[in-house]
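Keep in mind that the numbers below use all heavy atoms, side chains included, and drop hydrogens, waters and symmetry copies. A, B, ... follow the sequence lines: proteins, then strands. Residue 1 opens every chain.
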Amino acid sequence: MLDLDMTPYAAFVWPAWGVSALVLAALIVRAVIASRKWKRELERLEAEDAPPPQATLDAAPRADGPQVVRSTIGPKE
Amino acid sequence: MFGLSNPQRFMAFTGPLTPVLWAVAAVLLAVGTWLSFSVPADYQQGDTVRIMFVHVPAAVWGLGAYSALGVSSFFALVFRHALADAAARAAALPGAAFTALALFTGSLWGQPMWGTWWVWDARLTSVLVLFLFYLGYMALRASIDDEQKGARAAAVLGLVGLINLPIVKFSVDWWNTLHQPASFLTPGSSGLDPVYLPPFLTMLAAYGVLFAALWLTAIRTEIRRRRVLTLRARKALEA
């Protein structure tokens with residue numbers, strides 16, 4: 001059975017558990033929001049980046065492509 | 001293992017793993033909380049013993065997260081590996097939060113047991129220093145506009161902070177402290193009544209799995225963020 005009567009230490013036990021729960025919840029919410037935000041943004045940019053179907057056939061690699069892509073570490077999703 | 005240092009393989013491997021970690025962490029936290037309020041109060045400490053189930057895991061994984069940050073910083077500095085840098089950055093916030101929780105809950109445990117919220121003994125002070133290293137790491141990264149320079153400066157600080165980890169761990173052995181010596185994970189000399197082991201170990205595992213879930217999620221987010229920045233820069237060049 002659960003024992004929720006913390007007398008006479010309720011003023012110490014509940015804040016410890018309450019603040020722990022709040023901080024962990026904040027960490028989780030922040031991680032999920034940030035994850036969704038950058039995933040959405042990456043999908044949007046890659047959709048813009050994708051050549052239209054017809055252009056794909058004619059597309060030739062650009063010898064003068066920007067070098068900045070070399071520093072990318074992310075996968076193409 | 002080293003194959004995972006490739007970001008694409010890392011994303012492919014951690015994609016299905018991360019939701020499993022979140023689910024396991026949720027179950028362990030729920031079971032651990034239930035167990036923590038099911039055990040009887042301690043005959044000496046009363047109900048304050050229940051603070052231990054959130055205090056010790058936060059402290060242990062605050063240290064564990066800094067180990068991850070420090071080792072990742074080493075690989076980022078020596079091998080200039082972008083994924084290692086992302087891993088170091090991703091460990092900072094959860095580690096700082098866990099360490100702050102360890103300090104806060106420890107203070108709430110100390111007042112009724114020791115009669116004081118805070119004392120400048122070696123264990124408490126070294127954990128405070130650990131927290132300051134986390135803050136310094138995040139502040140340094142944020143304060144330098146050039147991300148690569150900021151990452152290198154922060155990695156040096158992250159490495160220096162590793163020196164503090166054995167000080168935190170052995171402070172209770174090297175100095176006389178108000179904080180008790182290690183009594184849980186010392187073989188053959190556990191001062192913990194066996195009745196408290198199930199909630200303690202469950203919460204320890206819960207915090208560990210939660211840290212793993214937070215860390216992996218943050219690394220994946222960082223990889224995507226850098227990919228977005230690269231794509232934006234490429235578009236800006238093309239425009």
Can you list, pair by pair, the side-chain donor-acceptor contacts under 3.5 Å of residues 51-67 of chain B, counting residues two or more places apart and other chains?
residue, atom, partner, partner atom, Å
B:His55, ND1, B:Ala102, O, 3.0
B:His55, ND1, B:Thr105, OG1, 3.2
B:His55, ND1, B:Gly106, N, 3.3
B:Trp61, NE1, B:Leu204, O, 2.9
B:Tyr66, OH, B:Gly158, O, 3.0
B:Ser67, OG, B:Leu63, O, 3.1

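- Ring geometry for B:Trp117 against A:Phe12 counts as tilted: the plane angle lies between 30° and 60°, on a 0 to 90° scale.
- At a 4.5 Å heavy-atom cutoff, the contact between A:Leu27 and chain B is made by backbone and side-chain atoms alike.
- Looking at every heavy atom in both residues, A:Met6 comes nearest to B:Asp47 through CA-OD2, 3.5 Å.
- By the 4.5 Å heavy-atom criterion applied to side chains, B:Arg50 and A:Asp3 are counted as neighbours.
- By the neighbour-count criterion of 12 heavy atoms within 6.0 Å, atom CG of B:Asp146 is densely surrounded, having more than that number from other residues, nucleotides or ligands.
- Under a cut-off of 6.0 angstrom, the local environment of NZ in B:Lys235 is crowded, with over 12 non-hydrogen atoms contributed by other residues, nucleotides or ligands.
- Summarising the local packing, CH2 of B:Trp34 is surrounded by 12 or fewer heavy atoms from other residues, nucleotides or ligands at distances under 6.0 Å.
- Closest of all the heavy-atom pairs between A:Pro15 and B:Phe104 is O-CE2, 3.8 Å.
- A salt bridge does not link A:Glu46 with B:Arg224: every distance from a Lys NZ or Arg NE/NH1/NH2 to an Asp or Glu carboxylate oxygen is 4.0 Å or more.
- Nearest heavy atom pair, residue B:Leu108 against residue A:Ala16, reads CD1-N, 3.5 Å.
- Your options are B:Thr48, B:Val39, B:Leu35, and the one with the most heavy-atom pairs under 4.5 Å with chain A is B:Thr48.
- The side-chain heavy atoms of A:Lys39 and B:Arg220, taken from C-beta on, include no pair separated by under 4.5 Å.
- Enclosure of atom CZ in B:Phe37 by more than 12 non-hydrogen atoms of other residues, nucleotides or ligands within 6.0 angstrom is indicated.
- Both the backbone and the side chain of A:Val13 come within less than 4.5 Å of a heavy atom of chain B.
- Remark: of the listed residues B:Arg227, B:Arg225, B:Arg232, B:Arg232 is the sole one forming a side chain to side chain donor-acceptor pair (under 3.5 Å) with A:Glu41.
- With chain B as the partner, the residue from A:Ala34, A:Ser35, A:Ala26, A:Ala11 showing the most heavy-atom pairs under 4.5 Å is A:Ser35.
- Taking every heavy atom of both residues into account, B:Leu101 and A:Ser20 meet most closely at CD2-CA, 3.6 Å.
- Taken to the nearest 0.5 Å, the CH2 atom of A:Trp38 stands 5.5 Å off from the CG atom of B:Leu229.
- In this structure a side-chain-to-backbone donor-acceptor pair under 3.5 Å is missing from B:Trp22 to A:Ile28.
- Among residues at least two apart or in separate chains, there is no salt bridge (Lys or Arg N to Asp or Glu O under 4.0 Å) pair with a member in residues 18-33 of chain A.
- Residue A:Arg44 qualifies as enclosed at atom CZ: its count of foreign heavy atoms under 6.0 Å is above 12.
- Once rounded to the nearest 0.5 Å, the distance linking CG of A:Leu45 with OG1 of B:Thr230 reads 10.5 Å.
- Contact annotation for B:Thr33: both backbone and side-chain heavy atoms come within less than 4.5 Å of a heavy atom of chain A.
- Side-chain contact between B:Thr217 and A:Val32 is absent, with no heavy-atom pair separated by less than 4.5 Å.
- In this structure, CG on A:Leu42 lies 11.0 Å from OG1 on B:Thr221, to the nearest 0.5 angstrom.
- Heavy-atom pairs under 4.5 Å with chain B peak, among A:Thr7, A:Leu4, A:Asp5, A:Leu24, at A:Leu24.
- For A:Met1, the part lying under 4.5 angstrom from a heavy atom of chain B is the backbone only.
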